[in-house]
Amino acid sequence: MDTPAAVRARGISKSFGEVIALDEIDLDIAQGQIHGVAGPNGAGKTTLLGLFLGLAVADEGRLEILGSPVGRTLDAPGGVAGFVDGPGLYPSLTARKNLAALAALRGGDTHTADLDDALAQVGLTDVADDRVRGFSLGMRQRLGLAAALLTKPRLLVLDEPANGLDPSGKKHVHGVLTRLAAEGATVVLSSHRMDDLEALCSEVTIIATGRVVFTGPLGKLSSEHQELDYRLVTSDREAARKLATETPGIRLGDESGKDSGVLVVRTLVPALDELVVRLVRDGVAIRELAPVVSPLEAAFLALTETEAEPESGARQQESAR
Ligand SMILES: Nc1ncnc2c1ncn2[C@@H]1O[C@H](COP(=O)(O)OP(=O)(O)O)[C@@H](O)[C@H]1O
Ligand SMILES: [Mg+2]
C-alpha cells in the first residue's frame, strides 16, 4: 500500500503578526475520505485550508499534498480545487458564463456538456442563465463547487460550504461530495458546527486556537463515558424530578423549562437507564427523552472549551482513547 496521503502535515505553524493562527499542526488525511475540520470561530480552519489550496505558505513545518511537498511559493498544488471565504465569481455574468470564464482562465477545452453537467450536479440548472449578482450565498457556494468540479479534482477543499445552504442545496452538495469520494477523490471541508459534519464525514479533525485537539474517526469522539444533558418529558414532572434526585449519578440541570414540564438531567448512560427503570416502575410515563445536544456536539464543545486553558491536558489524539 503506497498510496500517498491526500494531506500530510507535520508541525505546521502560521502566524499573523502576534496572532498564532496555526500552532504545530500534525494531520493525516487518507485519499477517498470526506474529512471534516471542525473548530470554533477563529480556531484556524480557514488558514489551514488556505495552505492546502496554496493560497498561503506555512511559516514552519512540512506539508505534502497528494504525495508532493508544497514549496515555499504561492501556487495551487496540482489536482487540488476549492475555495476559502467564498468562491471568486463575476457578479455581472450568468452562472454558465462564470463557469465558462473560469474554465477558459485555466486553459484547455471545456465542453458545454461538462458545464451543464456541473450545473446540474449542484442543482443550478434552472438559474444557469441568471446573473450571479442576484444569487444568494448558498447559490454562490454551489456555483463555486460546480467550478471546482470542472477541474476534476483529486482533492477538493471547501471552507464552510454549509453556510447559507437551504435543505435542497445541502442535499445537492452532499450528493456531489459523496459521489466524489466514492470515485476516489478526497474532500476536506470545514465547519464551526459539528452537526454539519456528522452526516458527511467519516473522520474529523477538531482544532481549537490553532491546535489539533482531536483527529480520528467520528465514532471515537462520542462515547458512553461522557456526561450529557438529557431532556426528559414525562406524564408527571414532579414525580420524575423526585425520582431523578433520588437516583445516584443524576444531577438536575437547568430548571428554566419548569413551566413546560421539561426536566433536564445531567448524567452518564447507566444512571439514566436506572432512572428510566424507576420512572416506569412508579407508573410515570416517558414522553420524550433525548440528549440536549448530540453526543458529538457535546464532545466538540468539551474539547474546544477546555482548550482555552493552555496545556490543560485537553489535547486529545485518537490514540488517547
Ligand atoms: N490575514 C490575516 N491577518 C491577520 N490575522 C488573521 C488573518 N487570517 C486569520 N487571522 C487570524 O488567525 C486566527 C485564525 O483565523 P481563521 O483561520 O480565519 O479561523 P477560522 O476559519 O477557524 O474561523 C484568528 O485569530 C484570525 O483573526
Ligand atoms: Mg473561517
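Being a predicted model, the structure only gives us computed values, none of them experimental. Whatever order the structure lists ligands and atoms in, that order sets their numbers, starting from 1. The basis for the numbers below is simple: all heavy atoms, side chains too, and nothing from hydrogens, waters or symmetry mates.
The local environment of CG in L218 is crowded, with over 12 non-hydrogen atoms from other residues, nucleotides or ligands closer than 6.0 Å.
Atom CD of E160 sits about 10.5 Å away from atom CG of L137, to the nearest 0.5 Å.
Remark: ligand 1 atoms within the under-4.0 Å shell around heavy atoms of N41 are 23 (O). Atoms of ligand 1 lying under 4.0 Å from any heavy atom of P40, numbered from 1 in the order shown and given with element: 22 (O).
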Assess whether salt bridge (Lys or Arg N to Asp or Glu O under 4.0 Å) is satisfied between R278 and E246, documenting all intermediate values. CA-CA 10 Å; R278 290 182 183 199; E246 289 165 7; 5.2 Å; no

- [ ] Check the pair L143 / L89 against side chain to side chain contact (heavy atoms under 4.5 Å, CB included), numbers first and verdict last.
- [x] CA-CA 9 Å; L143 186 56; L89 298 166; 4.0 Å; yes

inquiry  = Please determine whether side chain to side chain contact (heavy atoms under 4.5 Å, CB included) holds for the pair F214 and V212, giving the CA-CA distance in whole Å, both sets of side-chain angles, and the decisive distance to 0.1 Å.
reply    = CA-CA 6 Å; F214 174 89; V212 173; 5.8 Å; no

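In this structure, R96 pairs ionically with D129, as a charged nitrogen and a carboxylate oxygen lie closer than 4.0 Å. Between D26 and R10 no salt bridge is recorded (no basic side-chain N to carboxylate O distance below 4.0 Å). Ion pairing between R211 and E24 fails under the 4.0 Å rule for side-chain N and carboxylate O. Between R241 and D236 no salt bridge is recorded (no basic side-chain N to carboxylate O distance below 4.0 Å).
In terms of protein heavy-atom proximity, atom 10 (N) of ligand 1 is closest to F16 CD1, 3.4 Å. At the top of the distance list for atom 14 (C) of ligand 1, counting protein heavy atoms only, stands G42 O, 3.4 Å. Residue, atom and distance of the protein heavy atom nearest to atom 21 (O) of ligand 1 are T46 OG1, 2.7 Å.
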Hey, can you pull the donor-acceptor pairs under 3.5 Å for the side chains in residues 168-183, sequence neighbours left out?
residue	atom	partner	partner atom	Å
H172	ND1	S168	O	3.2
T178	OG1	H174	O	2.6
R179	NH2	Q121	OE1	3.1

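The distance criterion of under 3.5 Å between nitrogen or oxygen atoms is not met by V19 with respect to ligand 1. Here's the thing with A43: one of its N/O atoms is less than 3.5 angstrom from an N/O atom of ligand 1. Any N or O atom pair closer than 3.5 Å counts here, and A21 shares no such pair with ligand 1.
Using a 4.5 Å heavy-atom cutoff, the side chains of S294 and L296 are in contact.
Residue T47 holds the heavy atom nearest to atom 16 (P) of ligand 1 of all those in T47, L49, D85.
The protein reaches atom 4 (C) of ligand 1 closely, with a heavy atom under 4.0 angstrom from it. For atom 12 (O) of ligand 1, the protein comes within 4.0 Å by at least one heavy atom.
A side-chain N or O of T205 and one of H35 form a donor-acceptor pair less than 3.5 Å apart.
The shell of residues lying under 4.0 angstrom from ligand 1, judged by heavy atoms, includes G44.
Around the Mg ion (ligand 2), the protein contributes the following N, O or S atoms at distances under 2.8 Å: T46 OG1.
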